[in-house]
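In what follows, a single structure is set out as C-alpha cells and then discussed.
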Amino acid sequence: MSSNLSGSSDLIGSGNLSGSGNLRSSINTSARESEGHREYEEYEVIIGLEVHAELLTDSKIFCGCSTKFGAAPNSHVCPICLGMPGVLPVVNRKAVEFAIRTGLALNCEIAEFSKFDRKNYFYPDLPKNYQISQYDLPLCRNGYIDIPADTSVLSGGPDDSPGGRPGEKGSCTGAGIQAGRGPVRRIRIKRVHLEEEAGKSIHEGQNIVESSFSLEDYNRAGIPLMEIVSEPDIRSPREAYVYLSTLRAILQYIGVSDCKMEEGSLRCDANISVRPRGSTRYGAQTELKNLNSFRAVEKGLAFEAARQIDALRRGERVVRETRHWDEARGITVPMRSKEEAHDYRYFPEPDLVPMVIEREWVERIREELPELPGARKERLMKEYGLPEYDAGLITESRAMADFFEACARNYRDPKIVSNWVMGELSRLLNESGKDISEVPVTPGGLADMLKLIDEGVISGKIAKAVFEEMFSTGKAAREIVKEKGLVQIADEGQLLNIIDQVIAENPGPVADVAAGKDKAITFLVGQVMRKTQGRANPQLATRLLRERLQEGR
Amino acid sequence: MPITKQDVEHVAALARLELGEEEKESLTEQLGKILEYADKLKELDTEGVPPTAHPLPIKNVFREDRVRPSLPVEDALANAPEREGSFFKVPRIMETD
C-alpha cells in the first residue's frame with residue numbers, strides 16, 4: 001500500500017548513510033544493539049516490511065515525462081500525469097520488465113496474467129484522486145531472500161531458523177549477526193507489484209500538523225514505483241536492517257533502482273507486533289511510517305518493539321494503529337489523518353488493458369540477469385580467497401565489488417586490496433557522504449599505489465595520506481609522492497643521522513633500552529618517524545636504531 | 001433493500017460529497033434499484049468463467065521508454081486555483097482536533 005502521508009516525510013532530515021557508509025554502521029549498530037536484546041527472551045518480535053523502490057526508467061510509467069531527479073517544480077508534468085480529463089495512460093514496457101527482473105531476482109513466480117487497478121483516495125499529492133496500482137493480480141508473488149539470522153533472538157526452535165545451518169563462530173565479534181556461516185533466515189516475499197508514484201508535498205511551517213497550506217510538485221507523480229511486500233518473517237529490528245540492505249543490494253545489482261533513501265527512491269514502511277515466545281497467534285500490529293534511513297528503520301523498530309513489550313508486561317493491550325517515527329525525539333507517535341477507515345474501493349483500471357506475460361519474455365529476462373550479490377560473494381571467496389566477512393561486506397554494493405575486482409586483477413594480493421577497500425576507501429566515502437561513482441580515485445590507481453608500498457617507495461603510513469589525496473583529486477600515487485616529497489627514506493646514511501639526533505635528544509628512553517626495557521625502542525622509532533614526517537622505512541629504522549644502541553654500549 | 005442510508009452516507013463521505021437529507025433518501029432508493037437490477041446477473045451460471053478484467057479483447061499495449069516533451073510550467077499551472085512560484089498551493093492537509 002502506498003502511504004498517504006509519504007509526502008510529509010520529505011521535510012524531515014535524517015542522517016543518511018549512503019553507499020559504503022552502511023557497511024560500517026551495520027557493524028557498529030549491531031554491536032551496540034546486542035545488549036538490548038534481553039527482552040527478546042520472553043517475547044518474540046514479528047516484523048514485515050513494505051518497500052517502495054522507484055524504477056530507473058527514463059520516462060514515467062504511463063506518459064513520456066522525464067523521471068530525472070531535481071528538476072524545477074512542475075516542469076516534468078503533462079496532461080496524463082496531472083490527471084486531466086480525457087487523457088489515456090499507456091504502460092512503459094521497461095517498467096514491467098524491471099518488475100519481472102526483480103521478481104526473478106527475488107525467486108518469485110511471474111504472473112501469466114496481470115492487470116492494473118485503481119486505488120481511490122483523496123490526497124493533494126495524487127492529481128487524479130486515485131492511484132493506478134495493482135490489487136489482486138500483481139506481476140510477481142511467492143518469492144524469498146535468505147539473510148543471516150540474528151542469532152541473539154534465536155531460541156533454537158525449528159520455526160526460528162528456517163534452513164538454519166550449524167553456526168561457526170564468526171570473525172565479527174560482538175555483533176548480533178555472525179559474519180561466519182551462521183543460521184540463515186528465509187524471508188518470504190509475498191508480492192511485487194507496479195504502481196505510480198505520488199507527487200511531492202512541501203508543508204509550510206514546522207510540520208504537516210501545524211502547517212496552514214502545502215505546496216505540490218508533481219514531477220514525481222507517475223514515476224514508476226515498485227512495491228515489495230515481505231511476509232512477517234523478520235524477527236528483530238536488526239534483521240529488518242539486514243533484509244533491507246540485502247534487498248537494496250539486489251535491486252542495485254540488477255539495475256532497476258538506485259535505492260537512495262535520502263532522495264526517496266527507496267522507502268520503507270514496517271508492520272510490527274510482539275507476542276509471548278511460544279505463542280502461535282500474532283499480536284495486534286502497528287504500522288510504522290517515516291523510516292527515512294537504514295538507521296531509522298532499525299532504531300524505529302527497536303523503539304516500537306520495546307514499547308509494545310512494555311505495554312504487554314504492564315497488562316495493557318497494543319492498539320492497532322499507524323505510528324510515525326520521530327527521528328529527533330527518538331520515539332514513535334500515533335498518526336491521525338483526515339482519511340477515515342481505509343476504504344480504497346479498488347477496481348480494474350478501465351484505461352489500461354490487461355497484460356499477458358509471455359514465458360519467452362520471462363526467460364529472456366532471466367538469461368540477462370547479472371550475477372547477484374550472494375553468488376558474487378561466493379565467487380569472491382573462491383576466486384580471490386577472501387574471507388567470508390570481507391566478501392560479504394564488499395558485495396553489499398555492486399560498485400564496491402566492481403572496484404575491488406578491477407583492483408585485485410592488477411595486484412598480487414587480493415586480501416590487501418580488500419583491506420584498503422573496506423578500510424580507507426569506505427572510511428573516506430563515509431566521511432564525504434559520496435558514492436564510489438562520484439569520486440575520481442580508480443581501481444588501477446589503488447593498485448599502482450599498493451605497488452609503491454611493495455617497492456619500498458612509500459611506507460604504509462604515508463600511503464594513507466597519499467590515498468586521501470588520490471581520493472579527492474584522482475592524481476596518480478607516483479605523482480603525489482613526487483610533488484610532496486613523500487618518498488620513503490631508505491638511505492642508511494641519511495637515516496643514521498636522524499637516529500643519532502634522536503639518541504642524543506632522548507637519554508631517558510635510551511637508558512631504558514639499555515636497562516632491558518625493550519618497549520622504549522618503540523618510542524625511539526616513533527621519534528624517528530616524527531622527525532621524518534613518517535617517511536622513514538620503519539623496519540630499517542628499527543634495525544639501525546638497535547644496531548646503534550648496541551654499538552653505544 | 002440492498003443498500004441502506006448508512007451505506008450512502010459512507011460512500012458519499014469517501015467521495016467527498018455533501019448530501020442533504022432528501023438527496024440521501026432518494027439516492028438510497030435509486031442506488032438500491034440499480035443494484036437490484038444488477039442482481040439479475042446472479043441468475044447466470046458463471047462457474048469456470050474467468051472474471052473480466054477489461055471489456056475490450058485487447059492485451060499488452062505498451063509504449064517504449066522514451067522521454068517526450070512535458071508541458072510548459074505556465075500551461076501546467078494555468079488552471080491551478082492557487083499557486084506559489086511554480087508550485088500548486090493546496091489547503092492544509094491535517095485536521096486539528
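Letters A, B, ... mirror the listed sequences (proteins, then strands); counts begin at 1.
- With a 4.5 angstrom heavy-atom cutoff, A:Leu352 touches chain B only via backbone atoms.
- Contact of A:Phe347 with chain B is not made at all, since no heavy-atom distance falls under 4.5 Å.
- Only the backbone of A:Lys60 comes within contact range of chain B, with heavy atoms under 4.5 Å apart.
- Interface remark: B:Arg63 contributes backbone and side-chain atoms alike to the contact with chain A (heavy atom separation under 4.5 Å).
- Taking the charged nitrogens against the carboxylate oxygens, A:Asp58 and A:Lys94 have no contact shorter than 4.0 Å, which rules out a salt bridge.
- We find the CD-CG distance between A:Glu216 and A:Leu126 to be 10.0 Å, quoted to the nearest 0.5 Å.
- Proximity of the aromatic rings of A:Phe213 and B:Phe87 is defined here by a centroid distance below 6.0 angstrom, and this criterion is not met.
- Only the backbone of A:Cys63 has a heavy atom closer than 4.5 Å to any heavy atom of chain B.
- Side-chain atoms of A:Ser265 and A:Asp258 include a donor-acceptor pair closer than 3.5 Å.
- With a 4.5 Å cut-off on non-hydrogen atoms, A:Ile61 touches chain B through its backbone but not through its side chain.
- Only the side chain of A:Leu82 comes within contact range of chain B, with heavy atoms under 4.5 Å apart.
- Distance check, rounded to the nearest 0.5 Å: NZ of B:Lys24 to CG of B:Leu19 gives 6.5 Å.
- Using a 4.5 Å cut-off between heavy atoms, A:Phe116 makes no contact with chain B at all.
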### Message
The test is side-chain contact (heavy atoms from CB on, under 4.5 Å); show your working for A:Val90 and A:Leu88 and say whether it passes.
### Response
CA-CA 7 Å; A:Val90 186; A:Leu88 280 179; 5.6 Å; no
